[in-house]
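Quick notes on the structure that follows.
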Amino acid sequence: MSIIGLKKEKCVGCNACVRACPAGDANIAHLDSDGNLIIEIDDSKCIKCGACITACSHNARYFQDDIGQFLEDLKSGKEIAIIAAPSIKIAFEGNWRHALQWLQNQGVKGIYDVSYGADICTWAHLRYIEKHPDAKLISQPCAAVVNYIQRHKPELLPHLSPVQSPMMCIAIYIRNVLGFKGKIAAISPCIAKIDEFRETGNIINYNVTMEHLKDYFEENKISLPAIKVYSEFEFNEHQGLEGAIYPKPGGLMKNLLIHAPEMEIVTSEGTEKLYKDLDRYCEENPRWLPTVFDVLNCENGCNGGPATGVHYNCFTMSDIMHDVERYARKIRKANTTKKGVDKQFDEFDKKLNLNDYLRTYKSLAGVQHKITESDIEKAYLELDKHSEMDKSFDCHSCGFKSCREMAIAIAKGINEKENCHQYMMKSIRNERQKATSVNSEVLGMNNELVEIFGKLTDNIDQVTKETILIRETGKASSSEMANVAEYMNNLQVLNESIAGSLEHINSSVKKYNVMTQDVEKISGKINLLSLNAAIEAARAGEAGRGFSVVASNIRELSESSRASVGSARENDESIQSAINEVNDIIHKFSETTNELLEAVQSSIDNVNKTTEKSTMIEDSMNTVALIAERVQEVIEKTNHILN
């Protein structure tokens with residue numbers, strides 16, 4: 001689970017988180033699918049200091065703790081004890097006892113003061129230094145500092161104090177001395193404590209931040225007194241003494257100096273100063289290092305922790321802590337014998353085993369890819385930085401303190417060149433120059449297009465006129481062709497009439513042929529009769545001579561009829577042949593007339609189609625003319641913009 005999360009929809013890539021983060025590698029900048037810069041979190045590098053959450057004005061960063069699981073387990077009846085950090089007096093100023101009383105009423109088995117654990121922590125430091133007088137220790141109550149050293153400065157691990165933090169000291173005391181077997185929840189001002197609890201074997205099971213506890217009260221309308229009123233709440237077991245001032249800057253130092261005034265102690269607080277001091281600590285000659293380097297990530301100590309849920313100024317917090325410190329000194333004085341024996345520490349010496357309150361550390365830095373100067377130079381080239389001036393531009397827009405740090409981030413693959421202000425300004429300038437050049441070309445092309453569209457408009461007008469002329473001509477041609485078709489239809493009717501008359505003539509000729517054949521038959525019979533008559537006349541002799549003459553005349557008449565019939569037949573055949581020829585001509589004329597009618601009809605159809613097409617062409621040309629006018633308007637507007 002990532003403790004510090006990102007709401008991508010709210011991230012604007014402003015780099016405030018990168019700028020605030022003391023562990024720059026924990027932030028990974030990349031472009032999303034829409035080209036927006038997003039700053040994500042590498043949980044393995046994040047030290048959970050919360051600086052990015054405070055710095056982000058867009059509320060894109062948030063943190064998680066164990067309050068949900070804690071409340072669920074508490075409601076289910078699990079045995080849970082609470083340890084409360086002394087900074088609760090800041091977070092719930094005036095009614096912190098009421099907040100703890102509410103928790104006690106929910107069924108927790110006990111509520112213990114982490115200030116008492118801080119007193120144990122002070123005792124353990126003194127006893128450890130007594131056993132290791134040459135030790136050079138970096139204090140470790142601040143979990144964010146421990147995370148930083150483990151993940152980013154593992155070379156400092158030998159100096160990291162082995163004494164457990166106040167929270168861990170009180171939890172170990174509850175388990176080892178008081179024998180508590182249930183779960184322990186810490187009311188904490190610190191996001192990073194969750195890592196400490198996991199790395200120390202879950203002696204403490206829940207990190208319940210003060211901010212989220214306050215949010216829970218507000219969301220569930222749980223009202224605490226708005227003014228300071230009496231509360232019956234008291235911590236179980238002992239309440240701490242000067243350990244109560246651990247949350248303020250130099251709190252550990254003050255506690256140590258009470259018991260060892262000659263001890264050399266140096267303090268450093270706040271992300272702007274502390275991590276630079278840790279870098280110097282690495283480089284410093286060990287003989288110049290103090291016995292204790294008392295460090296806190298937050299400038300105002302744990303009282304100004306990222307999960308207190310309040311934003312008091314240093315004067316308000318100092319005033320509250322001053323009252324706490326005065327009360328603690330009063331109690332301490334009362335617990336010191338006349339011989340100067342500190343009763344509390346004397347009890348610790350008798351009851352506690354120092355080794356129970358010590359821990360070890362391991363490096364969480366992982367395999368570090370060494371970035372060479374060659375890698376950095378390649379990154380500079382990617383950032384379009386060539387001169388020394390470019391490389392030391394150092395505008396800090398990327399969130400890093402120098403262009404070199406940004407180049408290293410590029411070389412590590414955890415940032416984008418688009419996140420460099422100078423690179424983007426150069427890119428914009430280059431793109432602007434390209435755009436200017438393109439604009440000039442476009443302007444020239446537009447001017448050519450204007451000229452072309454002018455000619456096109458003229459051509460469109462001419463085509464439109466020709467189309468209108470074609471349509472009108474087509475209409476006239478269609479009318480004339482209709483007249484031709486009418487004439488051809490009349491010829492066809494006349495042709496059919498001639499054919500009918502010829503058919504009638506042909507029928508009459510056939511009847512005439514039949515009559516001729518009848519005459520020929522009669523002539524044959526007459527000829528036969530005349531022959532018989534001549535034979536009979538010859539038999540009759542002189543008496544039949546006259547009859548013979550008549551028979552001879554009849555035969556001549558018969559021969560003459562036969563000759564006439566033969567001549568008529570020849571004429572009939574000529575007439576029939578002529579009629580047949582006329583019929584052939586009429587048939588061919590009819591076929592030709594039909595073909596001509598079809599051709600005329602086809603021409604009429606084509607003329608009609610041409611007229612329709614010319615109308616469509618005219619409509620299309622009108623549309624093209626409108627488009628040309630619109631394009632010309634767009635070009636003119638474009639030219640106006642480009643100019």
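Every residue meeting the side-chain contact (heavy atoms from CB on, under 4.5 Å) condition with Ala171, not counting sequence neighbours, appears here in chain and number order: Ile184, Ile203, Ile204. For the side-chain hydrogen bond (donor to acceptor under 3.5 Å, both in side chains) test, no residue two or more places apart in sequence or in another chain qualifies with Tyr380. Evaluation of the salt bridge (charged side-chain N to carboxylate O under 4.0 Å, His left out) rule for Asp279 yields Lys153 as partners, not counting sequence neighbours. Looking at residues two or more places apart in sequence or on another chain, you find a side-chain contact (heavy atoms from CB on, under 4.5 Å) between Ala124 and Val163, Leu354. With sequence neighbours excluded, the residues forming a salt bridge (charged side-chain N to carboxylate O under 4.0 Å, His left out) with Lys78 are Asp73, listed by chain and number. For Ala192, the side-chain contact (heavy atoms from CB on, under 4.5 Å) criterion is met by Lys48, Ala143, Ala144, Asn147, Cys190, not counting sequence neighbours. Take Arg97 and apply the salt bridge (charged side-chain N to carboxylate O under 4.0 Å, His left out) test, not counting sequence neighbours, and it matches Glu234. Shown here are the salt bridge (charged side-chain N to carboxylate O under 4.0 Å, His left out) partners of Lys248, two or more places apart in sequence or in another chain: Glu325.
Put simply, the side chain of Asn255 never gets that close to the backbone of Leu252: no donor and acceptor are under 3.5 Å apart. In this structure, the side chain of Asn415 does not engage the main chain of Ala409 through any donor-acceptor pair within 3.5 Å. Remark: side-chain polar atoms of Arg404 are not paired, donor with acceptor, to backbone N or O of Ser392 under 3.5 angstrom. Of the possible polar contacts, one joining the Gln140 side chain to the Ser165 backbone as a donor-acceptor pair under 3.5 Å is found. Distance alone, capped at 3.5 Å, places no donor-acceptor pair between the Arg151 side chain and the Ala26 backbone. Without hydrogens or angle criteria, Ser2 side chain to Gly5 main chain gives no donor-acceptor distance under 3.5 Å. Using a distance-only test at 3.5 Å, with no hydrogens or angles considered, a donor-acceptor pair links the side chain of Lys214 to the main chain of Ala91.
Applying the side-chain hydrogen bond (donor to acceptor under 3.5 Å, both in side chains) test to pairs two or more places apart or on separate chains, those with a residue in residues 426-436 are Asp390-Lys426. Within the structure, the ring-ring contact (aromatic ring centres under 6.0 Å, His included) test picks out the following pairs touching residues 65-97 (sequence neighbours left out): Phe70-Tyr206, Trp96-Phe235. Annotation: ring-ring contact (aromatic ring centres under 6.0 Å, His included) contacts involving residues 141-173, sequence neighbours excluded, comprise Tyr116-Tyr173, Tyr148-His152, Tyr148-Tyr275, His159-Tyr281. Residue pairs meeting the salt bridge (charged side-chain N to carboxylate O under 4.0 Å, His left out) criterion with at least one partner in residues 32-41, sequence neighbours excluded, are Lys8-Glu40.
Checking Asp65 against Thr209 by side-chain atom types alone, a donor-acceptor pair falls below 3.5 Å. For the residue pair Tyr246 / Ser87, no side-chain donor-acceptor distance below 3.5 Å is found, with atom types taken as modelled.
Shown here for Glu382 and Lys417, the closest heavy-atom pair between the two residues is O-CD, 3.5 Å. Scanning both residues, Ile47 and Pro22, for their nearest heavy atoms gives CD1-CG, 3.6 Å. When every heavy atom of Pro306 is checked against every heavy atom of Cys49, the shortest pair comes out as CG-O, 3.3 Å. What you find for His125 and Ser161 is that their closest heavy atoms are NE2-OG, 2.9 Å. The shortest heavy-atom contact between Leu6 and Tyr62 is N-CE2, 3.5 Å.
Salt-bridge formation is detected for the pair Arg359/Glu199: a Lys NZ or Arg NE/NH1/NH2 atom is positioned less than 4.0 Å from an Asp or Glu carboxylate oxygen.
Two residues are said to be in side-chain contact when any heavy atoms from C-beta on lie closer than 4.5 Å; Pro290 and Ile265 fail this criterion. Looking at Leu156 and Leu278, their side chains come closer than 4.5 Å, going by heavy atoms from C-beta outward.
Few gaps surround CD on Glu79; more than 12 heavy atoms of other groups in view lie less than 6.0 Å from it. Within a 6.0 Å radius of CD in Glu299, other residues, nucleotides and ligands contribute 12 heavy atoms or fewer. Within a 6.0 Å radius of CD in Glu272, no more than 12 heavy atoms belonging to other residues, nucleotides or ligands are found.
By the 30° and 60° cut-offs, the orientation of the rings of Phe63 relative to His212 is parallel.
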